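Here's the structure, in structure tokens; my notes come after.
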Amino acid sequence: MDANEIYERIVNERRFVYIAGPCAVESADQIMKAAKFLASKGVPILRGGAYKPRTDPESFQGLGAEALEYLAEAREETGMLVATELLDYDMMPLFQNTVDFIQIGSRNCQNFPLLKKVGRMNKPVILKRGFGNTIDEFIKAARYITREGNSRVILVERGIRTFESATRFTLDISSIPVIREKSEFPIIVDPSHPAGLARYVEPLALAGVAAGADGLMVEVHPDPRKALSDPLQQINFKSFSGLMEKTESILGSLGRASLKLEEGQRGQYDIYK
Ligand code: PEP
Ligand code: MN
């Protein structure tokens with residue numbers, strides 16, 4: 001099943017989708033470990049930044065083209081599809097064959113020339129809410145993509161900046177029912193960036209699921225303490241397993257089901273039930 005088919009199932013069947021993986025791709029071994037674990041849990045989409053939009057220019061900026069190669073290896077080995085952030089359209093030729101879902105980060109939510117360009121591509125776009133954007137601005141940003149022809153946009157609520165400083169961002173749970181009412185786009189929740197700390201990730205994620213989100217995008221690292229970016233908020237494999245179990249139980253009580261990677265022919269896994 002390719003990315004466009006997955007997108008149709010999220011929209012038409014309201015299937016819940018998991019996107020998980022490290023904040024950044026750090027080595028072939030790190031991303032392969034994460035991919036193998038996540039595939040074994042049935043997670044269909046692997047995330048991992050190759051080009052990182054960092055606040056401090058002196059901090060780790062991502063492995064770039066090398067990371068895309070490692071993502072491609074992980075995809076080949078497991079059969080998972082890959083989501084990674086496109087920071088600059090110049091990188092698009094590198095993305096063409098290795099990336100299934102184009103992620104546009106919070107800092108580029110209103111980069112209109114970039115939105116228009118991904119609007120001319122035949123790959124689903126994962127658009128993260130600008131942390132200074134209203135819901136209305138967020139939906140309008142998505143329309144910059146769809147009016148160019150690419151109708152496959154997934155919105156991500158990842159928290160906004162408020163006066164509250166106890167968490168990294170304030171997860172705006174309200175945006176889930178509002179976006180569902182005001183747009184046709186699936187809306188998923190990233191609990192990792194608003195949490196800022198690993199122990200807050202699960203409660204925020206579960207709140208999102210209960211509020212009707214169409215999926216979760218979670219930062220999961222084989223050894224979070226050693227992470228080169230966002231070390232405090234990435235959760236380990238055990239925590240992710242626990243989160244998934246609780247998510248499945250909430251989905252069950254809402255009469256919903258998630259899209260899962262199953263053991264199959266391509267790589268080790270392939271079939272989505
Ligand atoms: C990310 O998901 O890798 C990321 C950088 O998040 P955001 O754009 O939401 O800050
Ligand atoms: Mn991150």
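This one's a predicted model, so the numbers in the text were calculated from it and none came from an experiment. In each ligand, atom 1 is the first atom listed, and ligand 1 is the first ligand listed. The first residue of the sequence shown is numbered 1, and numbering continues consecutively from there. Every heavy atom of this structure was used, including side-chain atoms; hydrogens, water molecules and symmetry mates were not.
The number of heavy-atom neighbours closer than 6.0 Å to CG of N12, taken from other residues, nucleotides and ligands shown, is above 12.
Considering backbone and side-chain N/O atoms, E85 never comes within less than 3.5 Å of an N/O atom of ligand 1. Checked against a 3.5 angstrom limit, the closest N/O atoms of D190 and ligand 1 fall outside it. The N/O atoms of S106, backbone and side chain alike, include one that comes under 3.5 Å of an N/O atom in ligand 1.
Between the OD2 atom of D230 and the NE2 atom of H193, the angle taken at the Mn ion (ligand 2) works out to 90° after rounding to 10°.
Taking the Mn ion (ligand 2) as reference, the nearest N/O/S atom within E219 carries the name OE2.
Of the protein's non-hydrogen atoms, R158 NE, 2.6 Å is the one closest to atom 9 (O) of ligand 1. In terms of protein heavy-atom proximity, atom 6 (O) of ligand 1 is nearest to K128 NZ, 3.0 Å.
Ring geometry for Y18 versus F240: interplanar angle over 60°, hence perpendicular rather than tilted (30 to 60°).
Checked options R158, E157, K128; the residue passing with M217 is K128 (criterion: side chain to side chain contact (heavy atoms under 4.5 Å, CB included)).
For the pair R54 and D56, the salt-bridge criterion is not met [side-chain N within less than 4.0 Å of a carboxylate O]. Under the 4.0 Å criterion applied to side-chain N and carboxylate O atoms, R256 and D214 are assigned as salt-bridge partners. R143 and E184 are joined by a salt bridge, as a carboxylate oxygen and a charged side-chain nitrogen come within less than 4.0 angstrom of each other.
Within the 4.0 Å heavy-atom cutoff, R47 counts among the residues contacting ligand 1.
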